[in-house]
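Reminder, nothing fancy here: chain letters follow the sequence lines and each chain counts from 1.
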There are 2 protein chains.
Amino acid sequence: MEISNQDADFLKFYSDKEYEKPSVTIDAVIFRIVNKEADNYRRLPEKQLQVLLIKRQNLPFLNLYALPGTFLNLQNELSQTLKLCVNDKVGLKDYYFEQLFTFGEKSRDPRTRVLSVSYMLLTNGNDNINGEWFDIDIKDKITLSQEKKYGFLRKKQVNLILTNQNQNIKLQNLINVSFEKVNLEEKKVTEIQKTDLAFDHIKMIYYATERLKNKLEYTDIIFNLLPQNFSLTELKQSYEVILREKLLDANFRRKIAKMVSPTDNFLTGKGFRSSRLYEHNPLWTFSNLV
Amino acid sequence: MEISNQDADFLKFYSDKEYEKPSVTIDAVIFRIVNKEADNYRRLPEKQLQVLLIKRQNLPFLNLYALPGTFLNLQNELSQTLKLCVNDKVGLKDYYFEQLFTFGEKSRDPRTRVLSVSYMLLTNGNDNINGEWFDIDIKDKITLSQEKKYGFLRKKQVNLILTNQNQNIKLQNLINVSFEKVNLEEKKVTEIQKTDLAFDHIKMIYYATERLKNKLEYTDIIFNLLPQNFSLTELKQSYEVILREKLLDANFRRKIAKMVSPTDNFLTGKGFRSSRLYEHNPLWTFSNLV
DNA sequence: CAAATAGTGTCTGTAAGACATTATTCG
DNA sequence: CGAATAATGTCTTACAGACACTATTTG
């Protein structure tokens with residue numbers, strides 16, 4: 001963008017000091033998928049979606065778990081800030097990321113007015129990183145479902161339990177979601193009822209799980225959570241753990257056939273029939289998304 | 001969220017004055033759909049998607065057209081700020097809105113570092129409002145399409161022409177989009193090549209048109225752009241103008257049948273067969289979205 | 001009646017859902 | 001061989017795409 005002469009003159013004397021400004025942070029919701037311990041060596045391990053949390057070393061919320069995040073440095077772009085943060089605080093290098101949502105509620109930070117631009121990150125590595133991985137277990141319960149004249153009101157309570165197996169930590173969180181629609185007016189409210197996390201970070205995690213779930217349907221985003229080579233059962237399990245529902249094998253294979261290519265590798269020595277490994281076919285998007 | 005005693009002590013002495021903070025604005029991309037002038041009284045008018053722009057009264061970019069927007073007041077929530085802005089600067093009361101994206105590029109505002117949380121708004125009224133409606137005409141041209149080892153690179157140039165018929169103003173804008181995917185790494189870059197608008201507002205408008213287009217498929221968002229009663233042809237035309245493609249009549253009617261209910265009203269006296277008017281059936285979402 | 005839009009019917013092909021069946025590997 | 005998973009086959013139903021056809025209104 002060019003700057004006019006008039007603008008150049010104006011900018012010489014421009015000062016932003018007279019306005020009160022909010023602080024801005026970025027926060028990262030980092031997901032990975034791992035194998036659960038199988039209860040029997042001849043059984044296939046199940047998959048588990050995990051999120052990375054770091055125990056806070058500072059006030060406020062000292063010693064509570066939180067998402068990795070940092071204040072925005074004015075010299076850096078938003079995505080640069082994200083990268084620096086994830087690199088410095090977590091030590092993670094390879095990941096997919098996208099902007100999730102900007103949270104700006106007045107009450108979300110007790111210090112002062114802080115906006116947070118949140119990001120969703122997906123990784124497939126199990127690099128040795130700083131922070132703890134927590135299993136994500138989500139259960140939702142419809143608490144109210146009402147049809148109204150020309151619309152409806154629906155409320156649900158979402159129970160998010162985050163568990164760290166190593167340290168035997170269990171974080172309990174409750175979110176209330178209400179969705180009301182009357183004619184054209186619709187109002188969706190998401191409120192934290194109870195959280196064991198710092199700030200409103202559980203809300204960010206919830207938003208990210210929903211975003212991930214929705215994007216499974218129309219993108220190939222899931223491959224960012226898988227290793228280069230994977231069996232179709234692993235791929236199916238990964239879908240299931242994100243969608244939180246079981247899929248039928250034959251149908252699943254037909255559906256994702258175009259998105260993957262077979263390799264010559266097999267996963268073998270598992271106590272049952274070995275499976276062919278596949279890789280992602282990145283050309284799939286070509287006709288669909290761009 | 002409760003605040004611990006330790007946090008309470010900490011907060012007494014907390015000051016955020018030592019950090020440099022960015023300015024934060026909100027910007028509103030407001031869409032509506034109107035009838036184009038028909039060239040013949042016996043023909044059906046076509047639909048046109050429009051966006052609301054306001055001529056800037058201040059430096060920088062004095063006299064250029066821009067989206068309605070305002071600086072965030074720390075006393076207000078983000079959505080409150082949006083509502084106040086749209087009410088004060090535009091005079092619009094009834095609309096659907098959702099957060100679009102947070103733009104934070106260092107160079108996006110010549111004054112200082114300014115983040116903008118952008119919103120997409122949809123209205124069906126033709127209230128007497130402040131600002132000018134501009135027809136949106138988008139043409140994209142693929143400039144490069146390359147298959148690579150395990151991925152592809154694709155570039156397109158998007159030409160956005162915004163036209164105000166009353167004042168005979170034509171704003172020319174070019175955006176370059178490049179999308180590269182190699183294995184798991186994907187990089188999408190959107191750059192303004194030329195714009196007649198202030199700031200990066202044309203980018204916001206482009207993002208919003210894409211968001212709107214995508215959401216047509218899986219939501220009933222379109223009804224926010226239509227009057228209470230509408231003919232199925234009007235509904236189809238509205239889809240077409242957003243999707244930028246023609247639809248087949250019979251198929252369209254089958255597809256949207258569940259989302260609408262017939263009324264007893266007819267649109268008549270038009271020089272051809274009159275059409276039944278329908279209304280949105282907001283219960284449709286029930287089984288799908290919530 | 002002509003012109004234009006409104007609205008219906010139908011054929012085809014594709015894909016999802018459900019479920020049955022066969023194949024392979026390991027102990 | 002038995003247990004478990006891997007992989008394929010098939011029947012049904014739903015729906016999108018294409019296109020032909022009928023109906024209605026107005027000048």
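Within 3.5 Å, no donor on the side chain of R43(B) pairs with an acceptor on the base of dA4(C), nor the reverse.
With the nearest nucleotide of DNA chain D identified for both L232(A) and Y41(B), L232(A) has the one nearer the 5' end.
You'll find the side chain of K156(A) stays beyond 4.5 Å of the side chain of N176(A), heavy atoms only.
Taking a 4.0 Å limit (strictly below) on heavy-atom distances, residues 263-277 of chain A reaches DNA chain C at T268(A), G269(A), G271(A), F272(A), R273(A), S274(A). Within residues 234-248 of chain B, no residue approaches DNA chain C, by heavy-atom distance under 4.0 Å.
A salt bridge links K215(A) to E98(A): one of the charged nitrogens lies within less than 4.0 Å of a carboxylate oxygen.
Put simply, chain B comes within 4.0 Å of DNA chain D, heavy atom to any atom, from dA16(D) to dG27(D), going 5' to 3'.
In this structure, S231(B) reaches neither bases nor backbone, as no heavy-atom distance under 4.0 Å exists between it and the strands shown. When heavy atoms are screened at a 4.0 angstrom cut-off, D249(B) is found touching base atoms of the nucleic acid.
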Practice problem: Apply ring-ring contact (aromatic ring centres under 6.0 Å, His included) to Y239(B) and F252(B), showing your working. | Solution: CA-CA 10 Å; Y239(B) 267 87; F252(B) 177 78; 5.2 Å; yes
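Side chain of E191(A) to backbone of V177(A): no donor-acceptor contact under 3.5 angstrom is found. The backbone N or O of T190(A) sits less than 3.5 Å from a side-chain atom of K203(A), completing a donor-acceptor pair.
When each of F223(A), Y278(A), F266(A) is tested with F230(A) by the rule ring pair (Phe, Tyr, Trp, His ring centres under 6.0 Å), just one qualifies, namely F223(A).
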